[in-house]
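Remarks on the structure that follows.
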Amino acid sequence: MADATDQQPQTKSMDDIMSLCKRRGFIYQASEIYGGVNGFWDYGPLGAQLKKNLRDVWWQDIVMNPCQGKPGPKGEPISMVPVDTCIIQNPKVWEASGHVGGFNDPMVDCTESKKRYRADHLLCFPVIRDDETYDNATPIGYVASLSREQLLEQENKKVWKRIRKAFADSIGSNEHAGYSYGDERLYSELQPEERAAVLGPDASERGTLTEPRQFNLMFKTYLGATATEDDIAYLRPETAQGIFINFKNVVDTTRVSVPFGIAQTGKAFRNEVTPRNFTFRSREFEQMEIEFFCHPEEANDWYVFWRDWRMQWWQEIGLAGENLILREHDKDELAHYAKEGAGTSDIEYRFPFTAPGFGELEGIAHRSNYDLSAHQNHPESNTKLEYLDTTRGELAKNGQPKGERYLPDVIEPSAGLDRGVLAILCEAYTPDPERPSKVFMRFHPRVAPIKAAVFPLVNKDGMPEKAAELHQMLVKRFGHLGKIETDPKQSIGKRYARMDEAGCPFCFTIDGDTLTDGTVTVRDRDTAEQKRIPFDDVVEFVATGLGLG
RNA sequence: GCGGGUGUAGUUCAGUGGUAGAACGUCAGCCUUCCAAGCUGAAUGUCGUCGGUUCGACUCCGAUCACCCGCUCCA
């Protein structure tokens, strides 16, 4: 932990980073002139380009040239096709996926301790007096706990005293009066009158827990202008389902065969209970998702493949170092769809606001065939989603396999685009008291919103014209990748400083010598060092710098 | 949802019961041959919002919104 890079995030101030984001036009508060709106953020000119670049780099490395040409577990090329599906789907999609039933967790508040619990996590143990017959006893109340062990196995005097005090009116304060527990029930399953007799996990008297309240995390909307209850629809809480419900379409209309992946980027919406931490937990956010379909026997290999490659990808685009970790989920934190699979991993970044902890950037989940199965079995989908794999099965007389029908397993690498941008901003933010800007943004050239800048050293003597010429050359070659900046005004130091805060990796300066010996000055953002190269080599220099050489 | 904190120019912050300032940034001009240089000048805020107290509120009170921190929660 003594390593300098290890401690860097703790020394970076989130307030300073947010201030720079505003000041330089990366991120603004949404609806700011109306006082903002909780959980929403807008991207300014530099932020929009940065976000687009990250999305484009993902698209390039996932869809256009999957895994940068790296072969799969068996040496085969990775097969990937894109889709772009709707934010609003038939509401039955979300019934089948489990979001309508499961995406809303009933919550319980304790009016005494001010704590909040999930109603289906609260185990309620009936308290039964020893002088009652166990089998047909009426419980005198319930003791709630988040875990069986906590209450039963680690019971100590403190817990015991608390319970005895809370039930003093029923079992008496006599130390020797006994009680025992019946079989536990979930708080969510208790009747209202039973709930009034529950002793909360952190309460000292009974009946301090509220009724379970629904926290529906999906945004509701209405289809059609009449807007009745029959017209309810939802803004998608994840892009994934759009892929699953198009699985058959893609198989039927595209020359893909398992194993292959379907990729998609797009907005998703969740009514987070507590939006927090700048853009980290926004209610409107963008995902970059892959659903990779494979034979169940190969799913584990693909899970490992994608987990490791996605980690490598984030490292390659600038999140190198100790701030990025790969973390395998514990069994008890697996999502409902991953229970049957091999597991889930998170790629996590140590943000200034999570340090020394980490926040999730991307989850790689083994979803087994949960989703395809759910859609196939939904009574109203009425569609067989089994895949006919003609490379498998017994051999027929002619030597050809007879084929095997199965629901493919799915490996899902699901990344948060906005979280990626935020991590890149945090990682790039580099305080440097030695330089005029006091800080610079060390973006990887592939994602940097401004790719290069061209400056005439002074605004006269033919330098502006020469700079304009070079600027045009660079725009023509690299303008599709990001902004090429040029600016003839004010001192050169001020212009360099601006580019430092914008994270522009290369600045080229035209001076008097350019006009006589045909060389320009290159200034490197990270070292602030300068060297001269021929004017005619600048395009090639930038290409190399952007990894295109 | 609870507790704590904050809210004044683009940013960082002063400020006083008598309707606002600094620094930096931004812009313009001059000047400038390599790191926010120099000189001159300019723009910018309904002091988060609404309401109350007051002759008068940026200041006091209340509500509300937003952000930050700690819980809680987070497919």
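What you are looking at is a predicted structure, and each value in this text was computed from that prediction instead of being measured.
Of all nucleotides listed (B/rC2, B/rC35, B/rU32), B/rC2 comes nearest to the side chain of A/Arg276. Considering only the side chain of A/Ser491, B/rA37 comes nearest among B/rU32, B/rG1, B/rA37. Taking only side-chain atoms of A/Gln29, from C-beta outward, the nucleotide of B/rA66, B/rC34, B/rA36 with the closest atom is B/rA66. In the set B/rG1, B/rC34, B/rC35, the nucleotide with an atom closest to the side chain of A/Asp511 is B/rC34. In the set B/rC35, B/rU33, B/rA75, the nucleotide with an atom closest to the side chain of A/Val458 is B/rU33. Side-chain proximity of A/Arg270 to the nucleotides B/rU72, B/rA75, B/rC34 is greatest for B/rA75. Closest to the A/Arg23 side chain, of the nucleotides B/rC71, B/rU11, B/rU32, is B/rU11.
At a threshold of 4.0 Å, the pair A/Lys494-A/Asp487 does not count as salt-bridged, since none of the basic side-chain nitrogens sits closer than that to a carboxylate oxygen. A salt bridge links A/Asp500 with A/Arg523: the closest approach of a Lys/Arg side-chain nitrogen to an acidic carboxylate oxygen falls below 4.0 angstrom. Checked for salt-bridge contact, A/Glu95 and A/Lys92 miss the test: no charged N lies under 4.0 Å from a carboxylate O. For A/Glu286 and A/Lys51, the salt-bridge test passes: some basic side-chain N is under 4.0 Å from an acidic carboxylate O. Comment: A/Glu485 does not engage A/Arg495 in a salt bridge, judged by the lack of any side-chain N to carboxylate O separation of less than 4.0 angstrom. Between A/Glu238 and A/Arg367, at least one side-chain nitrogen of the basic residue sits less than 4.0 Å from a carboxylate oxygen of the acidic one, meeting the salt-bridge criterion.
In this structure, B/rU44 forms no base pair with any nucleotide, since neither Watson-Crick nor G-U wobble geometry is met with both distances under 3.5 Å. Figure legend. B/rC30 is base-paired to B/rG38; pairs are counted as Watson-Crick or G-U wobble with both atom distances under 3.5 Å. Checking B/rC71 for Watson-Crick or G-U wobble geometry (two distances, each under 3.5 Å) identifies B/rG1 as its partner. As the counterpart of B/rG21, B/rC13 is assigned, both hydrogen-bonding distances of the Watson-Crick or G-U wobble pattern falling under 3.5 Å. Remark: B/rA57 base-pairs with no nucleotide in the shown strands. Criterion, Watson-Crick or G-U wobble with two distances under 3.5 Å. B/rU6: Watson-Crick or G-U partner is B/rA66, with both key distances under 3.5 Å.
Atom-to-atom, CG of A/Asp42 to P of B/rA66 comes out at 15 Å; the value is rounded to the nearest Å. For A/Gln490 and B/rA28, the CD to P distance is 7 Å, given to the nearest whole Å. Residue A/Lys438 contributes atom NZ, which lies 20 Å from atom P of B/rU11 at whole-angstrom precision. The CZ-P distance, from A/Arg24 to B/rU12, rounds to 13 Å in whole Å. Summarising the geometry, the separation between CE on A/Met463 and P on B/rU32 is reported as 12 Å, rounded to the nearest angstrom. Regarding A/Ile492, its CD1 atom lies at a distance of 13 Å from the C1' atom of B/rA37, rounded to whole Å. Atoms CD (A/Gln530) and C1' (B/rC34) sit 5 Å apart, rounded to a whole Å. Rounded to an integer number of Å, the gap from CD1 of A/Ile33 to P of B/rG45 is 14 Å.
Look at the C1' atom in both B/rC31 and B/rA37: the space between them is 11 Å, to the nearest Å. Atom name C1', nucleotides B/rA14 and B/rG45: the rounded distance is 15 Å, in whole Å. On the C1' atoms, B/rC47 is 11 Å away from B/rG21, given to the nearest whole Å. Separating the P atom of B/rU46 from that of B/rU8 is a span of 10 Å, rounded to the nearest Å. Straight-line distance between the C1' atoms of B/rA9 and B/rA42: roughly 14 Å, to the nearest whole Å. For the C1' atom pair drawn from B/rA57 and B/rG48, the interatomic distance equals 16 Å after rounding to whole Å. Across the C1' atoms, B/rG7 and B/rC13 are found 13 Å apart, a figure rounded to whole Å. Annotation: B/rC58 and B/rG17 have their P atoms spaced 13 Å apart (nearest Å).
Between the side chain of A/Tyr34 and the base of B/rC65, no donor-acceptor pair of N or O atoms lies under 3.5 Å. A donor-acceptor contact under 3.5 Å is not formed by the side chain of A/Arg495 with the base of B/rC35. Applying the 3.5 Å distance criterion, the base of B/rC68 shares no donor-acceptor pair with the side chain of A/Asp15.
Residue contacts shown for A/Arg435 are absent, as no nucleic acid heavy atom lies under 4.0 Å away. Residue A/Asn38 is classed as a sugar-phosphate contact, given heavy-atom separations below 4.0 Å to backbone atoms only. Nucleic acid contact for A/Gly39: sugar-phosphate only, since backbone atoms but no base atoms lie under 4.0 Å from a heavy atom of the residue. Using a 4.0 Å heavy-atom cutoff across all strands shown, A/Glu501 reaches at least one base atom of the nucleic acid. Among the atoms of the strands shown, none is found under 4.0 Å from any heavy atom of A/Phe455. As judged by a 4.0 angstrom heavy-atom cut-off over every strand, A/Lys22 is placed among residues touching the sugar-phosphate backbone only. Looking at heavy-atom distances under 4.0 Å, A/Ala240 makes no contact with the nucleic acid at all. The residue A/Ser19 sits close only to the backbone: its heavy atoms come under 4.0 Å of sugar-phosphate atoms, none of a base. A/Met14 comes within 4.0 angstrom of no nucleic acid atom, judged by non-hydrogen atoms across all strands.
Put simply, A/Asn277 has a side-chain N or O that comes within less than 4.0 Å of OP1 or OP2 on B/rC69. The shortest distance between the side-chain N/O atoms of A/Lys489 and the OP1/OP2 oxygens of B/rG29 is below 4.0 Å. A sub-4.0 Å separation between OP1 or OP2 of B/rC35 and a side-chain N or O of A/Lys494 is absent.
Mapping A/Gly512 and A/Arg498 onto RNA chain B via the closest heavy atom, the residue that lands nearer the 5' end is A/Arg498.
In this structure, A/Gln264 contributes its side chain and A/Thr239 its backbone to a donor-acceptor pair below 3.5 Å.
For A/Phe293 and A/Phe247, the ring centers sit closer than 6.0 Å to each other.
A/Phe280 carries A/Arg419 over the face of its six-membered ring, with the cationic atom under 6.0 Å from the centre and within 45° of the normal.
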